[in-house]
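Below: one structure, written as structure tokens.
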Protein chains: 2
Amino acid sequence: MKLTTTLTLATTATATATSYTLDTTLPPPTNLSALPNNTLFHLWRPRAHILPAKGQIGDPCAHYTDPTTGVFHIGYLHDGSGIAGATTSNLVTYTDVSANGSFLIQPGGKNDPVAVFDGSVIPTGVNNTPTLLYTSVSFLPIHWSIPYTRGSETQSLAVAVEGGMRFERLDQGPVIPDHPFAVDVTAFRDPFVFRSARLDVLLLSTTDTTNETAVQAAVDHWTEKGAPWYIVISGGVHGQGPVQFLYRQYHGNSSEFQYWEYLGEWWQEATNSSWGAEGGWAGGWGFNFETGNVAFLTEEGHDPQTGMVVVTLGTEGSDVPIVPQVSSRHDMLWAAGAVETRPEDGRVQFTPSMAGFVDCGFSAYAAAGKVLPATSQVSRGSGVEVDRFLSFVWLTGDQFEQAEGFPTAQQGWTGSLLLPRELTVRTVDHVVDNELVREEGVSWVVEWGESEHTTVTLRTLGIAIARETKAALLANGSVVDEAVRTMREASVVPFRQSPASKFFVLTAQLDFPAEARTSGLQSGFQILASGLEHTTIYYQFSNESLVIDRSQTSAAAPTNPGLDSFTESGRLRLFDVVDEEGGQQKIETLELTVVVDNAVLEVYANGRFALSTWARSWYANSTEIRFFHNGEGEVHFRNVSVSEGLYNAWPERK
Amino acid sequence: MKLTTTLTLATTATATATSYTLDTTLPPPTNLSALPNNTLFHLWRPRAHILPAKGQIGDPCAHYTDPTTGVFHIGYLHDGSGIAGATTSNLVTYTDVSANGSFLIQPGGKNDPVAVFDGSVIPTGVNNTPTLLYTSVSFLPIHWSIPYTRGSETQSLAVAVEGGMRFERLDQGPVIPDHPFAVDVTAFRDPFVFRSARLDVLLLSTTDTTNETAVQAAVDHWTEKGAPWYIVISGGVHGQGPVQFLYRQYHGNSSEFQYWEYLGEWWQEATNSSWGAEGGWAGGWGFNFETGNVAFLTEEGHDPQTGMVVVTLGTEGSDVPIVPQVSSRHDMLWAAGAVETRPEDGRVQFTPSMAGFVDCGFSAYAAAGKVLPATSQVSRGSGVEVDRFLSFVWLTGDQFEQAEGFPTAQQGWTGSLLLPRELTVRTVDHVVDNELVREEGVSWVVEWGESEHTTVTLRTLGIAIARETKAALLANGSVVDEAVRTMREASVVPFRQSPASKFFVLTAQLDFPAEARTSGLQSGFQILASGLEHTTIYYQFSNESLVIDRSQTSAAAPTNPGLDSFTESGRLRLFDVVDEEGGQQKIETLELTVVVDNAVLEVYANGRFALSTWARSWYANSTEIRFFHNGEGEVHFRNVSVSEGLYNAWPERK
């Protein structure tokens, strides 16, 4: 044991009051898991991110804007013991809903004796009060690789009380007490509630449209009752594949949220299939869907009438051979496409026309989104006048509990949410209509312009840090701009001025000449760097990937395999575009936003790409930033800026 | 307190070993509920009946013949804590399934945290093992007079283990996890499983019968899969009325008993309506159905192919005004009729053509029947070569817990089952075709004979003590025949020889002249009689009723209102028949079988009538039997016989 190399042991008079201090100017201990509990608490902890005061964070869920106060509530699974939460009025600072680490809801009720899984909230639910529809769990284990125990997952209601301090269960059985009849599901969980004028109209049209009386009766029905809520429930079917099950609020009686009519499998994919080429642009559909969300996105925000139908979802996949009860792959995906009724039975079907990653990081998963209305305190404070769709992505801290040897107790907390993101429709204009555009199974669709076009507009999912959050990240602390720099040969060049801490935002634009596309060029930055550690973020054209090389990230990793050090990457195509002013053809500029919040690393690119991971540097002085260039070819760096400091998202925590 | 008038108090040296002895030669104590616990244990306890060693018995249920051993298992709710049971190989003597008062199944599982209600058994169920389908209860209270809590009653499976010593729950959720979708039920319980070639054929015919391929496919389906099981679940719908919900085993996958397809409300009646005139022949349908059974009866026994469709059921009714959560009326009814598919939607419908009481007694309720196969040990032992339908009726001991002041703890047990009964089709031949026959809304149907008929055959439900049981009752102990007697004037005449005990069977035939029909005649017997007590059983033509007058039954009743002493009665029509030999028209002979098993009194008449109640005589010498005659008119008593002794149904109990 070499604890003394890094620890200052200070034993007080009482045996229970032993304290230890890490010294990160010295090499790390061989086995971090041998340290006293909480020794590593501050070492890698982010400050601007959403995570509980201590302990584990799991799937985000149960978000809503309180219709009475306008305050936004976020929730997340916590310590495997239920759902905890916080509130925010600005998407910057957060207040724990309970100061004492209590929960919004915990298992142990009649419907959920074993566990409470993800839920989502109808803001004006039972008695016009925020109402949680969640997966109440009675039997475990549940996994797509083993037979499903009937009734393991049901969907139940709980109503917010004490201003959202708790969700109190309805004293009754589940409102969806069983998966669809006789379907051999792999899972049946994570209900996501939403409204959809699109679906309302589609489903009305299934009545005999030649029968005006029937159509009018259907229209009158929704007019009188109010638009119904829908639910997608995620899961799959053994031997068939992953599925989203669709339900609609049933207005048959006065108990408004009691009954939900099953409308069928509105989306299903074949087992272990993928969008386009295997793993190319959108990972794999895996064996089972989880945490499916449905949004109706525009370029500005969210509009259930006109918006593009976008689904975000987690997929549970596996390497070969399959290890029972283990999903070795978790892809955090999105898909967008058409919603139509099937002629043969009038059932609503979702058919993707494009798909991609919400976040390409291995540890990013289980995104839970929610419409943030323009009337919310957040939007009123920032002057945003449209409804938006926010998505909160989970960053597992221990590789989905598969990180053997991770110093869980020593760190005292595990995992985080990533920064709040706005999902929108993102267009790429003036794109040259070449083979880069016309590929099948990709993450964009082509909008053909006028006849005789030479350029097209691409439409894809926009992924960006929520504007209030990003503004606050950039506004806090000191800002240092790096001079414009052109690099032509393999080299690593330190910034003129690197940050002194591990809390900063790096933004930059990288321009490449046309010949870069066929080169072996790797270009980007090293961050969290010192003589002993560095993390390299670079783009390479050879496989159109944005890469995070973590092989040298942490001096602690070699002897602590729980600290994952594998390389992360995600596919990003830089298209050929025509310069708006000069009319010149060039490769699209790579626009990077890199958030370093201690060990949480988020890389955003071009408003349509995100790759997040852990970068657990050890040494206190690993704060340097360097230009990184490898291979041959010219790269022009501009608008390189570092905002150091970030903010403390939890000012009220002691 | 006058306890000393009837109690001999013997206090031993240790305070805990106090014993008391009743003296039933002295007047009863004013307040029986003030006596020490178990003081009254033996006073009114039957010996030939089915009841637990101690404590309360509730609804009978969960009967089956073990396909491996041929032994018949009976079950019953016990102490409000689950289902207990016993076995028999002869319908005479019984063996507690567990000697230590344990249960076949008790609440406390995930599906039944609050209670276990009635279930029925598929003899060759899961893994070809007897499998209980029962109502698993999660929320209370449940009553037709209050709003129904969603999910209160679900239907779950448990499998017999250790030769039927226990039913072990499947470790999963309910197989029927909710009542029919969006139906505002009053109850959803007491599943009764059965097979029915009749329903199989009917439901096949709902396929397009002009499409030979489709029909053949349906036939092949059942041939391959084996005939399905059906379930009726009892309950009702608020604002509509009582209902039996019909389900069919779903053969969609390999989990044979997992899924049950809802086939609709195969029988519904309007709230608080009745068959024929109000309360006339078949009580009232009430507000809610309970314990519905379905049988296919012949004159000999049970045949699911050719048998008459008979339903037995309990109905929950109420006097006016309705007291919330109290059913003041419980009718134990049967109905028989047609089963057809409704043309508009092909749904199976049961439509009664006659209905009546399985037992007219106020306390008789919750009959649970089961097919007793010819292969059972019971039938093999007695040489019965047909399948039969046995019905076990509950006799509540405390007026459905409404008997205020009943000395429950003092007696140490509450309630009993009535003697096992065989239900059959009963015909009454050579009935004169007059207005007595041609009434609407009655308990029989008329079989019109050849043309030019003057007599008809009536068809009704046969109700009789199971033949093995009855044979044993008559065979045990001493038999004394009374001489033939004709009575013409009001008088009470003691038997030449009355029994010395309160355990006997009295059989008799009473003939009435034609003019009796319009007379005020009351004719029958007094039993359990002494100078201070008697119970009068008589038939009277004025309202065609068999009556049990209990106003003088018990010297203890006047000061102990928990001992019900109201008059019991049931409607029985004696038809005009033509003597087979002489061709003379006469009133049908009244054929009585009266079983007195201490305080349990069962009166059977003419193979189609039963009236059971409690007759809690106090005095030890209240054992006299007397001919009873009141009003004017001649009555001829013949074949009057008393078999005294009965048998001990529980020889293995200490």
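Worth saying up front: this structure is predicted, and the values here are computed from it rather than measured. Order of the sequence lines fixes the chain letters, A, B, ..., with proteins taken first and strands second; residue numbering starts at 1 for each chain.
Ranked by heavy-atom pairs under 4.5 Å with chain A, the list B:K110, B:Q172, B:R150, B:E261 is led by B:R150.
In this structure, A:Q155 contributes its side chain and A:H179 its backbone to no donor-acceptor pair below 3.5 Å.
Ring geometry for A:F192 versus A:F194: interplanar angle under 30°, hence parallel rather than tilted (30 to 60°).
Interface residue A:V114: only side-chain heavy atoms are found under 4.5 Å from chain B. Both the backbone and the side chain of B:D171 have a heavy atom closer than 4.5 Å to some heavy atom of chain A.
In summary, the aromatic rings of B:Y247 and B:Y230 are positioned with their centroids too far apart to meet the 6.0 Å limit. In this structure, A:F181 has its ring center at least 6.0 angstrom away from the ring center of B:Y262.
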